Undergrad: 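Before I ask anything, let me first share the structure, which is written out below as C-alpha cells.
What's counted below: heavy atoms across the whole structure, side chains too, no hydrogens, waters or symmetry copies. For clarity, every value in this text was computed on a predicted model and none was experimentally measured. Letters A, B, ... mirror the listed sequences (proteins, then strands); counts begin at 1.
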2 protein chains.
Amino acid sequence: MTKTAQSEPKSTSAAPRLTRARRTALLKALADPRRFELLERIAKSSCPLGCAQAKSALAISPATLSHHIKELETAGLIRVERVGKFHFLHLQPAVLEALAGLLCSLAQPNGAQG
Amino acid sequence: MTKTAQSEPKSTSAAPRLTRARRTALLKALADPRRFELLERIAKSSCPLGCAQAKSALAISPATLSHHIKELETAGLIRVERVGKFHFLHLQPAVLEALAGLLCSLAQPNGAQG
DNA sequence: TCGACATTTCGAGAACTGTCGAATTGATTA
DNA sequence: TAATCAATTCGACAGTTCTCGAAATGTCGA
C-alpha cells in the first residue's frame with residue numbers, strides 16, 4: 001500500500017523495480033573494474049560489441065572474458081546475441097536506469113520514502 | 001580496498017566527477033547487502049542515525065558494524081559526526097547522485113559520450 | 001579515580017572472487 | 001572429414017572480504 005508519488009527520474013524504457021537480491025547482484029556485477037570497463041565499451045559502441053573487440057580492449061584471457069560476460073548477462077546488464085560462432089554484446093539500459101533511479105531516490109531527503 | 005593514490009578533493013556538496021578508482025570504490029561499498037541496508041537506514045532517517053540504532057537494525061556485532069561504517073565513510077558515502085562517545089551517521093547525497101548520474105549516462109544511447 | 005558504556009582494533013577462520021592454462025564444445029570452411 | 005577459429009568449462013591458485021570474539025581505546029558520570 002501507499003506507493004504514492006513514485007515520481008522517479010524519467011526513464012525512456014520501462015525500468016523494473018529492483019528487489020533486494022537483484023540490486024545486490026547488479027552492484028556486485030558493476031563493482032569489478034574490468035567488468036565496468038567492459039560495460040562502458042558496450043554502452044559507447046554504436047554497434048553491438050563482438051567478443052574479439054572486447055577481448056582486445058581489456059587485454060584479458062578468453063576464459064576471464066567469458067566469465068565476466070556471464071556475470072554481466074546473469075545480472076541482466078547485457079544481452080548476448082549468439083550468431084554462429086560469434087557472440088555480440090548488447091546493453092540493457094533499463095536495468096541500469098532502474099539502479100540509477102534507486103540511488104537517486106536514496107539521495108533525496110529522507111531517502112524518498114513514501 | 002587497495003591502493004587508490006589519486007588524491008582528489010572530497011567535495012561535500014556539488015556532485016564531483018568520478019574517477020575510475022573512485023567509482024569502483026563506491027560500487028564496492030554499495031555492493032555489500034548489509035552496507036546497502038545500512039545506507040538505506042541512514043538515508044531514510046530524518047535525524048542522523050546513531051550506531052545503536054544501526055546495530056539493532058542490522059543485528060550484527062559491533063566489530064562488523066564498525067567495519068562497515070568505515071567502508072562507507074572511506075568511500076565518501078557517509079560522514080560520521082563524532083560527539084562524545086556517540087557517533088552519528090550522515091548521508092552524503094552528492095556522491096550518490098554522482099554515481100547515479102554516471103549510470104544514467106551510460107544507459108543513454110551511445111553511452112552519452114562526447 | 002573507578003566503573004559502565006560506545007566504538008575500534010586485532011587476529012583468525014570461512015567464504016567469495018578474479019585470474020589463467022588446459023581441455024572441451026560448437027560453428028565454419030576447406 | 002579434418003582443420004581452424006570462437007567461446008565455454010574445468011581446476012586450481014592467490015588475493016580479497018565478511019564475520020566475529022577478545023582485547024583495547026575512548027568517553028562520561030558517580
Side-chain angles (χ1 to χ4, degrees), chain A residues 20-42 45 47-75 77-90, chain B residues 1-5 20-42 45 47-90:
Chain A
R20 210 159 297 189
R22 189 129 158 76
R23 128 202 127 191
T24 299
L26 278 172
L27 286 165
K28 275 192 179 164
L30 292 170
D32 179 84
R34 275 180 160 168
R35 232 149 33 212
F36 197 99
E37 204 137 339
L38 176 54
L39 199 74
E40 266 185 321
R41 280 277 175 167
I42 298 172
S45 166
C47 51
L49 203 73
C51 283
Q53 303 159 62
K55 178 166 161 294
S56 71
L58 294 189
I60 56 181
S61 77
T64 303
L65 176 61
S66 183
H67 164 66
H68 285 317
I69 288 178
K70 190 200 283 184
E71 292 290 311
L72 288 177
E73 189 185 19
T74 301
L77 285 164
I78 65 173
R79 178 173 58 84
V80 181
E81 176 193 4
R82 289 154 222 268
V83 33
K85 65 176 169 178
F86 298 101
H87 294 194
F88 296 97
L89 313 176
H90 300 256
Chain B
M1 209 174 323
T2 45
K3 59 165 296 189
T4 300
R20 211 159 299 189
R22 189 126 157 79
R23 134 203 120 191
T24 299
L26 277 172
L27 286 166
K28 275 192 180 167
L30 292 170
D32 179 84
R34 275 179 161 171
R35 238 163 11 225
F36 197 99
E37 203 137 338
L38 175 54
L39 200 74
E40 265 186 322
R41 280 277 175 166
I42 297 171
S45 166
C47 51
L49 203 73
C51 283
Q53 303 160 61
K55 179 167 160 293
S56 72
L58 293 190
I60 56 181
S61 77
T64 303
L65 177 61
S66 183
H67 164 67
H68 285 316
I69 288 178
K70 190 200 281 182
E71 291 291 310
L72 289 176
E73 190 184 18
T74 301
L77 284 164
I78 65 173
R79 178 173 58 84
V80 181
E81 176 193 5
R82 289 153 223 267
V83 35
K85 65 176 169 180
F86 298 102
H87 293 192
F88 296 98
L89 313 176
H90 300 256

Undergrad: Where do N or O atoms of nucleotides 19-23 of chain C meet protein N or O atoms at under 3.5 Å, pair by pair?
TA:
| from | atom 1 | to | atom 2 | distance (Å) |
| --- | --- | --- | --- | --- |
| C:dT19 | OP1 | A:Arg34 | NH1 | 2.8 |
| C:dT19 | OP2 | A:His68 | NE2 | 2.5 |
| C:dT19 | O5' | A:Arg34 | NH1 | 3.3 |
| C:dC20 | OP2 | A:Ser61 | N | 3.4 |
| C:dC20 | OP2 | A:Ser61 | OG | 3.4 |
| C:dC20 | OP2 | A:Thr64 | OG1 | 2.8 |

Undergrad: Do the side chains of A:His68 and A:Thr64 get nearer than 4.5 Å, heavy atoms only?
TA: yes
Undergrad: Output yes when B:Arg20 and A:Glu37 qualify as a salt bridge under the 4.0 Å nitrogen-oxygen rule, no when they do not.
TA: yes
Undergrad: Measuring from B:Ile78:CD1 to B:Leu38:CG, what's the distance to the nearest 0.5 Å?
TA: 6.5 Å
Undergrad: B:Lys70 side chain: which of D:dC5, C:dT9, C:dT7 is closest?
TA: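 Looking only at heavy atoms from C-beta outward on B:Lys70, the closest nucleotide is C:dT9.
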Undergrad: So, does B:His87 get its side chain near the phosphate of D:dT27, meaning an N or O under 4.0 Å from OP1 or OP2?
TA: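 Checking D:dT27 against B:His87, no side-chain N or O comes under 4.0 Å of OP1 or OP2.
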Undergrad: Counting side-chain heavy atoms from CB outward, which of D:dT27, C:dT7, C:dA27 is closest to A:Lys85?
TA: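 Out of D:dT27, C:dT7, C:dA27, the nucleotide with an atom closest to A:Lys85's side chain is C:dA27.
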Undergrad: Report yes if at least one side-chain N or O of A:Arg35 is closer than 4.0 Å to OP1 or OP2 of C:dG18; otherwise report no.
TA: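 For C:dG18, OP1 or OP2 has a side-chain N or O of A:Arg35 closer than 4.0 Å.
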Undergrad: Please report how far the helix from C:dT1-D:dA30 to C:dA30-D:dT1 bends, comparing the axis fitted to its first five pairs with the axis fitted to its last five, to the nearest 10 degrees.
TA: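 Its terminal axes enclose an angle near 20°.
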Undergrad: Mark yes or no for whether A:Arg22, through its side chain, and A:Ala75, through its backbone, hold a donor-acceptor pair below 3.5 Å.
TA: yes
Undergrad: Taking C-beta and beyond as the side chain, do B:Val83 and B:Phe88 meet within less than 4.5 Å on heavy atoms?
TA: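 Side-chain contact under 4.5 Å: yes.
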Undergrad: Verify, without hydrogens or angle tests, whether B:Arg35 (side chain) and B:Lys28 (backbone) share a donor-acceptor contact under 3.5 angstrom.
TA: yes
